[in-house]
Number of protein chains: 2
Amino acid sequence: MKVKISTARKQEIIEGFYNLSKMNGLENTSIAKIGKHLDMPPSLIMHYFPTRDILISSLIEYILEQYLLIFEPITKELEEKKDIDLSIIVETLFSRNWNLLFDDGVFYSCYAMIFRNEQIKNDYRILHEKLRESLKEILDNNREMEGRDTTMLAEQIFVVVEGAYYYLSMIVDEASYNQKVDYFKKQVYDLLRKNDLRVL
Amino acid sequence: MKVKISTARKQEIIEGFYNLSKMNGLENTSIAKIGKHLDMPPSLIMHYFPTRDILISSLIEYILEQYLLIFEPITKELEEKKDIDLSIIVETLFSRNWNLLFDDGVFYSCYAMIFRNEQIKNDYRILHEKLRESLKEILDNNREMEGRDTTMLAEQIFVVVEGAYYYLSMIVDEASYNQKVDYFKKQVYDLLRKNDLRVL
DNA sequence: TTTTAAATTGAATACTCATTCAATAAAATA
DNA sequence: TATTTTATTGAATGAGTATTCAATTTAAAA
């Protein structure tokens with residue numbers, strides 16, 4: 001029980017940090033502001049997170065956890081059905097769930113830190129490897145994928161998904177947004193059925 | 001002449017801002033620090049860029065200009081040769097020129113701002129559209145591409161390139177870095193020669 | 001040369017920042 | 001219950017922040 005109150009507080013602080021960053025941007029979210037937001041003196045925040053760097057590391061940990069969660073529904077479904085229709089995967093990857101569950105502004109602000117912090121870079125890499133491994137497992141469980149290089153396939157599919165999310169975030173116009181999504185979905189479907197072509 | 005000195009100073013300030021951000025991160029680069037770096041009082045910086053927001057907007061303008069420059073060699077070569085081998089394009093897209101000419105940390109820090117600033121979002125979108133249009137033009141000038149939907153193709157190729165740069169930035173291990181690059185190059189080559197498959 | 005405008009300086013502003021500290025309150029352990 | 005550990009508070013620190021302003025130097029226009 002003693003440990004419970006401290007972890008709950010930590011969680012509360014991280015979530016407050018995340019929510020404020022969502023609104024004002026990570027770079028404009030100070031410890032004092034988090035304190036005001038949560039009705040808590042800044043010194044209490046520093047009690048649980050001794051330095052700002054530690055606080056940010058914890059935020060990133062939290063964000064990457066959340067990010068991984070988005071993929072969980074598919075993984076769950078796989079365990080039950082043992083053989084998922086591939087179109088469900090594609091549609092899920094391109095559904096806007098990611099954006100809704102998740103703030104891309106904070107995500108990319110944190111992402112930008114990988115270029116100056118090896119630890120953060122490593123955390124990000126591990127997350128992205130996990131996502132690819134999950135997809136590979138799902139593909140391996142599909143009979144249509146027999147004989148395919150599913151490691152490569154998972155890499156190639158995710159590179160489209162990640163490129164798409166990067167690029168689509170700039171597109172406001174709904175019509176062209178939808179058209180581009182169609183392009184990218186088609187691209188992934190082509191990847192999935194490409195084995196006819198392997199001779200080349 | 002009178003106007004020249006002011007534009008030169010502005011350029012100097014922006015470049016100082018960019019270079020410091022490269023080292024310390026955008027969020028840690030203050031006007032005072034830029035001033036110290038350039039041996040110039042902060043008030044002079046504020047004379048040319050009345051607010052920090054304006055300074056940041058100008059930095060982004062500068063960055064996007066640089067980004068566009070990377071593609072210029074290809075466009076130049078096109079104008080001369082009128083018919084470029086497609087492999088040159090692919091190799092150029094995946095060459096590490098981009099990273100060398102350019103700091104991804106600053107780029108993504110700025111990118112993260114598109115989620116809270118419509119103007120910046122718009123600037124980024126326009127840049128990315130330009131890149132796609134350049135590629136489309138190059139493809140259109142290639143006889144192998146006759147009858148192909150080069151608009152879609154340019155979108156699909158760039159989504160791979162952008163996804164790749166996003167993802168590869170996390171990869172330190174050289175062997176796996178190279179393997180992934182191979183995957184993505186192959187993916188683009190497949191896109192380029194895919195027309196055999198159009199029946200499906 | 002005189003006048004006018006732009007460039008540059010340095011000091012001062014009020015504010016926010018992360019962090020420290022000693023004191024108190026609450027809870028867990030003995 | 002008494003004691004020890006943990007949680008919480010509020011005030012204070014000094015350094016850093018963007019921005020303002022009046023004064024001065026430099027250069028262009030007349």
Side-chain angles (χ1 to χ4, degrees), chain A residues 1-62 106 109-110 113 116-117 119-120, chain B residues 1-62 106 109-110 113 116-117 119-120:
Chain A
M1 295 299 114
K2 200 191 247 177
V3 114
K4 259 298 175 56
I5 196 171
S6 98
T7 54
R9 264 276 191 261
K10 282 184 186 176
Q11 188 70 8
E12 185 192 359
I13 292 167
I14 292 295
E15 282 172 15
F17 189 11
Y18 171 68
N19 287 323
L20 266 187
S21 301
K22 227 156 71 171
M23 293 161 52
N24 310 325
L26 183 68
E27 66 278 13
N28 301 316
T29 305
S30 67
I31 291 171
K33 283 177 184 167
I34 302 169
K36 191 171 280 179
H37 178 65
L38 296 175
D39 201 28
M40 166 190 305
S43 48
L44 188 56
I45 296 173
M46 307 271 338
H47 176 246
Y48 290 108
F49 302 95
T51 69
R52 173 159 229 269
D53 280 352
I54 292 173
L55 184 63
I56 287 181
S57 298
S58 309
L59 176 70
I60 288 173
E61 222 175 276
Y62 169 77
V106 185
S109 285
C110 293
M113 295 183 204
R116 276 168 300 113
N117 184 319
Q119 179 60 54
I120 295 176
Chain B
M1 299 294 117
K2 200 190 247 174
V3 114
K4 260 295 176 58
I5 197 173
S6 98
T7 53
R9 264 277 191 261
K10 281 184 187 176
Q11 188 70 8
E12 186 192 358
I13 293 167
I14 292 296
E15 282 173 15
F17 189 12
Y18 170 69
N19 287 322
L20 266 185
S21 301
K22 227 155 72 169
M23 294 161 52
N24 311 324
L26 185 67
E27 66 277 14
N28 301 315
T29 305
S30 67
I31 291 170
K33 282 177 184 167
I34 302 169
K36 190 170 283 177
H37 179 63
L38 297 175
D39 201 28
M40 168 191 301
S43 47
L44 188 57
I45 296 173
M46 307 280 324
H47 176 246
Y48 291 108
F49 303 95
T51 68
R52 174 160 228 270
D53 280 353
I54 293 173
L55 184 62
I56 287 181
S57 299
S58 309
L59 176 70
I60 287 172
E61 222 174 276
Y62 170 77
V106 185
S109 286
C110 293
M113 294 183 203
R116 275 168 300 114
N117 185 319
Q119 179 60 53
I120 295 176

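These numbers come from a predicted model, not from an experiment. Chain A is the first sequence line, chain B the second, and so forth, proteins listed ahead of strands; every chain is numbered from 1.
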Q: Which nucleotide in the list D/dG10, D/dC21, C/dT8 gets nearest to the side chain of B/His47?
A: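 Given the options D/dG10, D/dC21, C/dT8, the side chain of B/His47 is closest to C/dT8.
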
Q: Atom CE of A/Met46 and atom C1' of C/dC17: how far apart are they, to the nearest Å?
A: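 So the two atoms are 11 Å apart, to the nearest Å.
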
Q: Between D/dT8, C/dT9, C/dT20, spot the one nearest the side chain of A/Ile5, thanks.
A: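 Out of D/dT8, C/dT9, C/dT20, the nucleotide with an atom closest to A/Ile5's side chain is D/dT8.
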
Q: For residues 30-41 of chain B, which residues have at least one heavy atom under 4.0 Å from DNA chain C?
A: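 Within residues 30-41 of chain B, the residues near DNA chain C are B/Pro41.
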
Q: Mind calculating the distance between CZ (B/Arg52) and C1' (C/dC17) to the nearest angstrom?
A: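 After rounding, the reported distance stands at 14 Å.
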
Q: Set out, in order, the CA-CA distance, both residues' side-chain angles and the distance that settles side-chain contact (heavy atoms from CB on, under 4.5 Å) for A/Ile56 and A/Met113, then state yes or no.
A: CA-CA 10 Å; A/Ile56 287 181; A/Met113 295 183 204; 3.8 Å; yes

Q: Less than 3.5 Å apart, which donor and acceptor atoms pair up between the side chains of residues 36-47 of chain B and the rest of the protein, not counting sequence neighbours?
A:
none

Q: Checking A/Ser21 now: which residues fulfil side-chain contact (heavy atoms from CB on, under 4.5 Å) with it, not counting sequence neighbours?
A: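 Partners of A/Ser21 by the side-chain contact (heavy atoms from CB on, under 4.5 Å) criterion, ordered by chain and then number, come out as A/Phe17, A/Leu26, A/Thr29, A/Val106.
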
Q: Contacts to DNA chain D from residues 9-26 of chain A, heavy-atom cutoff under 4.0 Å, which residues?
A: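 Correct list: A/Arg9.
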
Q: If a stem is a run of at least 3 consecutive Watson-Crick or G-U pairs, both distances under 3.5 Å, which stems include DNA chain C?
A: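 Listed by first number, the stems are C:1-12 with D:19-30, C:14-17 with D:14-17, C:19-30 with D:1-12.
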
Q: With sequence neighbours excluded, tell me which residues meet salt bridge (Lys or Arg N to Asp or Glu O under 4.0 Å) with A/Glu15.
A: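 Partners of A/Glu15 by the salt bridge (Lys or Arg N to Asp or Glu O under 4.0 Å) criterion come out as none, since no residue qualifies.
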
Q: If you compare every side-chain N and O of A/Tyr48 against the phosphate oxygens of D/dT6 (OP1, OP2), does one of them come in below 4.0 Å?
A: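 For A/Tyr48, the contact criterion (side-chain N or O under 4.0 Å from OP1 or OP2 of D/dT6) is not met.
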
